[in-house]
> 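Handing you a structure now.
Residue numbers count from 1 along this sequence.
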Amino acid sequence: MSVIDAILNIAGLLLWLKWRDKGHEFSGPKISLLGTLRKAGPPRPRIWYLLALLALLAVRPLLYRLLGSALDWTPTISLGVIALPFRSVFFWRIFLFSFFSFAVTLGILHLFLLLLSILDGKNSPADPVQVLVRAQLGKLDSLPTIVKSLLPWLAMLMLWCLLNKPLVALGILPGTQSFVYLIKQGAVVGLGVYLAWKYLVIGILLLHLLNSYIYFGAWPFWTFIDSSARQILKLISWIPLRFGKIDFAPLVVMALVIFVAEYGSRGLVWIYQRLPI
């Protein structure tokens, strides 16, 4: 069931991206002649994609209710530090889970976009990948780097405080003793959001390694990957890790990211469970 939920969330993301797409034109070389062709006829109204997304989120709880009860499935939403359970025996909880699950997936997408914006914020305005990033982030892309870096933590802190009482009332979260304790919880949960960046960083470095030894052509995507990887590798640029034609820096950074994410996650869970009241 978790795999089905993930697939439907990805389908929802595609609908979201189509709704947000305003038909940006990219300058630079086209991949092929097919890339220059367009469909005949007027474009489909973008609002249709938003309506299709809302329909998907409203209808899929019926599937979750039917299969979840039969499989004794308890859907959960992981926030890095804590997991929120939504028991499938209650339809209204499954309905909320459908929207919350997609909201988390959408949040992870924007978390990745923010990191890409931070890494490549000074690239050419004509870079196709950056055009897509800017189109999705909107005005957030023009914020200072320090603000974009703190934004995920601040957003999670605010959401935790705003949604705490409703989730407590629904029996999804236990009650808190004071507002100060709630702030402490939100601060720790907010730090856990950054753990999701490990997947994007490792993915970029793996693609960079692949492109370093196999030439895929001068496509904008690979140029963007190499540029992003170089920004990441600056963290350890002072360490001599190149021996001949082999550069071990990407492997070292990937190992470092995995190590920090693993023990960082354990540390945040430990702190969350022992927060002073």
> F102 versus L56: any side-chain heavy-atom pair under 4.5 Å?
no
> Taking the side chain as every heavy atom from C-beta outward, state whether L17 and L109 have any pair of such atoms under 4.5 Å apart.
yes
> Transitively linked via ILVMFWY side-chain contacts under 4.5 Å: L79 with I183?
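They do share one cluster, since a chain of ILVMFWY contacts under 4.5 Å joins L79 to I183.
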> Which word best sums up how the rings of Y263 and F259 line up, parallel for under 30°, tilted for 30 to 60°, or perpendicular for over 60°?
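Judged by the thresholds at 30° and 60°, the geometry between Y263 and F259 is tilted.
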> If we only count heavy atoms from C-beta on, is the V188 to I82 side-chain gap below 4.5 Å?
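No. Closest side-chain heavy atoms not under 4.5 Å.
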> Locate the shortest heavy-atom distance separating V81 from V269; write the atom from each residue and the value.
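Closest approach of V81 to V269: O-CG2, 3.8 Å.
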> Which heavy atom of K148 sits nearest to which heavy atom of S117, and what is that distance?
NZ-OG, 2.8 Å
> What pair of heavy atoms forms the shortest contact from N9 to T105, and how long is it?
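Closest heavy-atom pair between N9 and T105: ND2-OG1, 3.3 Å.
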> Quick one: does I232's side chain get under 4.5 Å of H208's, heavy atoms only?
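Heavy-atom side-chain distance check fails, nothing below 4.5 Å.
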> Is there any salt bridge (Lys or Arg N to Asp or Glu O under 4.0 Å) pair reaching into residues 202-211, and which pairs are they, with sequence neighbours excluded?
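For residues 202-211, and leaving out neighbouring residues, there are no salt bridge (Lys or Arg N to Asp or Glu O under 4.0 Å) pairs at all.
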> Less than 4.5 Å apart, side chain to side chain, heavy atoms only: is that true for L173 and W160?
yes
> Out of D5, I4, I94, which one pairs with L63 under the side chain to side chain contact (heavy atoms under 4.5 Å, CB included) rule?
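That would be I4; it is the only one of D5, I4, I94 passing the side chain to side chain contact (heavy atoms under 4.5 Å, CB included) with L63.
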> Within the side chain of Y49, is there an N or O that forms a donor-acceptor pair under 3.5 Å with the backbone of L14?
no
> Tell me, do Q185 and L182 make a side-chain contact under 4.5 Å, heavy atoms counted?
yes
> Kindly indicate whether the side chain of R230, heavy atoms from C-beta on, has any atom under 4.5 Å from the side chain of S227.
yes
> Determine the minimum heavy-atom distance between V193 and L111, stating which atoms define it.
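Between these two residues, the closest heavy atoms are O-CD2, 3.3 Å.
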> Can you see which heavy atom on S265 is nearest to which on L195, and at what distance?
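Shortest heavy-atom separation between S265 and L195 comes out as CB-CD1, 3.7 Å.
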> Can you tell me if Y199 has over 12 outside heavy atoms packed within less than 6.0 Å of its OH?
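No - once you tally the heavy atoms of other residues, nucleotides and ligands closer than 6.0 Å, there are 12 at most.
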> Are L106 and W153 joined in one hydrophobic group, where the rule is that I, L, V, M, F, W and Y side chains link up if heavy atoms are under 4.5 Å apart?
yes
> Using the salt bridge (Lys or Arg N to Asp or Glu O under 4.0 Å) rule, collect all pairs that involve residues 254-268, keeping only residues at least two apart or in two chains.
E262-R266
> For a quick test of reading the model, state the closest non-hydrogen atom pair linking F100 to L163 and the distance between them.
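Residues F100 and L163, closest heavy atoms: CE2-CD1, 4.4 Å.
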> Please step through side chain to side chain contact (heavy atoms under 4.5 Å, CB included) for the pair L113 and L132, ending with a clear verdict.
CA-CA 9 Å; L113 291 173; L132 291 174; over 6 Å; no
> Does the side chain of L116 reach to within under 4.5 Å of the side chain of L137, using non-hydrogen atoms?
no
> Among residues at least two apart in sequence or on other chains, which ones pass ring-ring contact (aromatic ring centres under 6.0 Å, His included) with W16?
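Expected list: W19.
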> Answer yes or no: is there a donor N or O on one side and an acceptor on the other, between the side chain of S98 and the main chain of L57, under 3.5 Å?
yes
